[in-house]
Protein chains: 2
Amino acid sequence: MALDRKPYRREAEDKRRQALVDATLAMVAEGGAQSATVRAIAQRAGVTAGLIRHYFQSKDQLVTAAYRHLMDRMTAESSAVLSAAPRDPLARLTAFVAASLKPPVVDPEALILWATFLQETHRDPAMKATHAQTYLGFRDMLQALIAALPGERDEVSQRRLAIACNAVIDGLWMEGCLLPEAFARGELVSIGVTSVGAILGIDLAQHLHLADPNPSEPVPDAAS
Amino acid sequence: MALDRKPYRREAEDKRRQALVDATLAMVAEGGAQSATVRAIAQRAGVTAGLIRHYFQSKDQLVTAAYRHLMDRMTAESSAVLSAAPRDPLARLTAFVAASLKPPVVDPEALILWATFLQETHRDPAMKATHAQTYLGFRDMLQALIAALPGERDEVSQRRLAIACNAVIDGLWMEGCLLPEAFARGELVSIGVTSVGAILGIDLAQHLHLADPNPSEPVPDAAS
DNA sequence: TGCCTTGTTATGCGGTTGCATAATTCATAG
DNA sequence: CTATGAATTATGCAACCGCATAACAAGGCA
């Protein structure tokens with residue numbers, strides 16, 4: 001009758017919720033949505049399945065929270081680039097485009113996560129709202145960068161240009177995530193910066209080395 | 001003891017397989033992958049679940065067949081435009097871009113289906129091969145159109161330009177599928193043609209009305 | 001008309017999933 | 001040092017999943 005239960009430690013609520021969210025994203029990234037069962041997620045987080053229900057009313061709520069966290073992270077990665085970018089509008093735009101087309105933004109796992117949650121978006125209004133917000137947020141960021149460029153452009157033109165530039169970036173991002181071996185180092189960045197420049201009628205390529213002295217290596221201080 | 005079985009009709013193999021594939025796509029489009037169970041698919045196709053195993057060795061094979069059918073359909077819709085397009089290279093490219101950015105290619109269901117199968121791609125080698133084949137096939141089509149344009153371009157440039165133009169089209173396609181209400185009629189086509197022209201350094205917009213006299217209306221003979 | 005192949009239905013099984021609930025152990029307060 | 005509450009584990013359950021197999025009937029062929 002000597003039941004040896006699994007020993008455990010009590011953790012702060014924030015920590016446990018975060019651990020469960022991280023485990024959810026990890027499971028989805030590795031094996032798709034179907035492998036992200038409550039049991040698998042819990043095991044990944046180092047807890048038992050029942051605990052999920054203690055922090056989330058249902059599995060769907062956990063998934064929604066994970067999606068929101070993912071989107072927040074991607075948005076944060078984008079704006080982080082801007083805060084560290086130079087002041088010259090041309091260099092700023094170049095740095096933004098370049099950062100969007102290399103790791104950690106370009107990442108096979110990121111696309112899997114994005115695609116997996118996209119179908120949930122179709123059903124769950126909360127996730128749909130999160131999606132639209134993030135999506136248009138990125139485009140607005142781009143439009144602001146375009147508006148700051150030298151030269152006169154009315155707002156209608158700015159919007160059209162932002163839509164076009166956003167599309168190039170998204171398309172290249174997808175290709176880079178799906179077929180990472182199909183492109184040479186820095187090729188996506190080069191194509192992206194050149195194309196955005198062509199759409200806007202300016203030469204951005206000359207700002208590439210200024211905006212980013214080390215175009216192929218991700219920041220080395222990756223995880224804390 | 002009077003068991004009244006469901007009455008049925010025997011059908012040709014092609015018809016039944018196609019019906020099952022169509023039902024699979026319909027279920028995935030409506031409720032995501034998780035709602036596409038063998039029972040639901042069979043019910044949608046008007047048969048019982050056991051029949052699936054009579055035509056496919058497993059559910060995975062049915063899903064793979066459905067994915068291949070979807071990709072073939074999308075590719076066919078794009079290349080169909082080319083066979084009816086004029087001979088002038090500029091007009092041909094314009095028609096191709098325009099057709100890729102309006103119905104039936106741009107369609108919310110299409111994106112959901114694409115995104116859903118994308119995660120399977122990550123696991124199943126057969127689906128990954130189908131994906132890469134379709135993906136690069138579309139880009140090669142684009143590169144051939146670019147190569148036919150007036151002006152000298154070496155193959156390296158052609159490849160880079162094809163990658164960039166493909167990215168714009170993909171990105172706009174995604175936005176159009178995700179937020180159909182965010183764009184005016186014909187706006188995506190207009191932006192796409194203008195942007196592709198800008199990337200290639202030529203003016204395509206003037207060929208838009210020639211290439212497609214009715215840019216916003218899908219063909220009216222939709223379903224038979 | 002009557003048989004015979006096989007397309008189709010019907011039924012059942014082992015495994016898994018999300019969720020509910022009871023049992024237990026950790027951490028803190030007094 | 002002990003008591004109390006809550007975080008965590010453990011157990012169980014109803015529903016559902018894909019798949020196997022057996023029973024049946026539809027339609028061609030003699």
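Note on naming: letters A, B, ... go to the chains in the order of the sequence lines (proteins, then strands), and numbering restarts at 1 for each one. All of these numbers come straight from a predicted model, not from anything done at the bench.
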For B:Ala36 and B:Tyr8, take the nucleotide of DNA chain D holding the closest heavy atom to each; which residue's nucleotide lies nearer the 5' end?
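Result: B:Ala36.
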On DNA chain D, does the nearest nucleotide to B:Lys6 precede the nearest nucleotide to B:Gln57 from the 5' side, or the other way round? Give the residue.
B:Gln57
No-H, no-angle donor-acceptor pair, [X] side chain to [N] base, under 3.5 Å:
X: A:Arg10; N: D:dA6; answer: yes
X: A:Arg5; N: C:dT25; answer: no
X: B:Arg53; N: D:dA20; answer: no

Between B:Glu13 and B:Arg16, is there a salt bridge with N-O shorter than 4.0 Å?
no
Flag yes if more than 12 heavy atoms outside B:Glu11 fall under 6.0 Å of its CD atom; otherwise flag no.
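Result for CD/B:Glu11: enclosed.
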Exercise: identify the closest heavy-atom pair between [X] and [Y]:
X: A:Leu161; Y: A:Ile199; result: CD2-O, 3.8 Å
X: B:Leu111; Y: B:Cys177; result: CB-CB, 3.6 Å
X: A:Cys165; Y: A:Val196; result: SG-CG1, 3.8 Å
X: B:Gln119; Y: A:Gly32; result: OE1-CA, 3.5 Å
X: B:Val21; Y: B:Ala65; result: CG2-CB, 4.2 Å

Quickly work out the [X] [atom1] to [N] [atom2] distance and round it to whole Å.
X: A:Glu13; N: D:dA7; atom1: CD; atom2: C1'; result: 11 Å
X: A:Gln43; N: C:dT17; atom1: CD; atom2: P; result: 11 Å
X: A:Glu11; N: C:dT28; atom1: CD; atom2: P; result: 11 Å
X: B:Arg39; N: C:dG12; atom1: CZ; atom2: P; result: 13 Å
X: B:Leu51; N: D:dG18; atom1: CG; atom2: P; result: 15 Å
X: A:Phe56; N: D:dA7; atom1: CZ; atom2: P; result: 14 Å
X: B:Lys59; N: D:dG18; atom1: NZ; atom2: C1'; result: 8 Å
X: B:Ile52; N: C:dA10; atom1: CD1; atom2: C1'; result: 15 Å

Straight-line distance of B:Trp173 CH2 to B:Asn166 CG, nearest 0.5 Å:
11.5 Å
State whether [X] places a side-chain N or O below 4.0 Å from either non-bridging phosphate oxygen (OP1 or OP2) of [N].
X: B:Thr37; N: D:dC17; value: yes
X: A:His54; N: D:dT8; value: no
X: B:Arg16; N: C:dT8; value: yes
X: A:Tyr55; N: D:dA7; value: no

I need the residues from residues 20-33 of chain A with at least one non-hydrogen atom less than 4.0 Å from DNA chain D; give them sorted by number, or say none.
none
Compare the minimum distances between each of D:dA10, C:dA27, C:dT8 and the side chain of A:Arg9, then state the nucleotide with the smallest one.
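Nearest nucleotide to the side chain: C:dA27.
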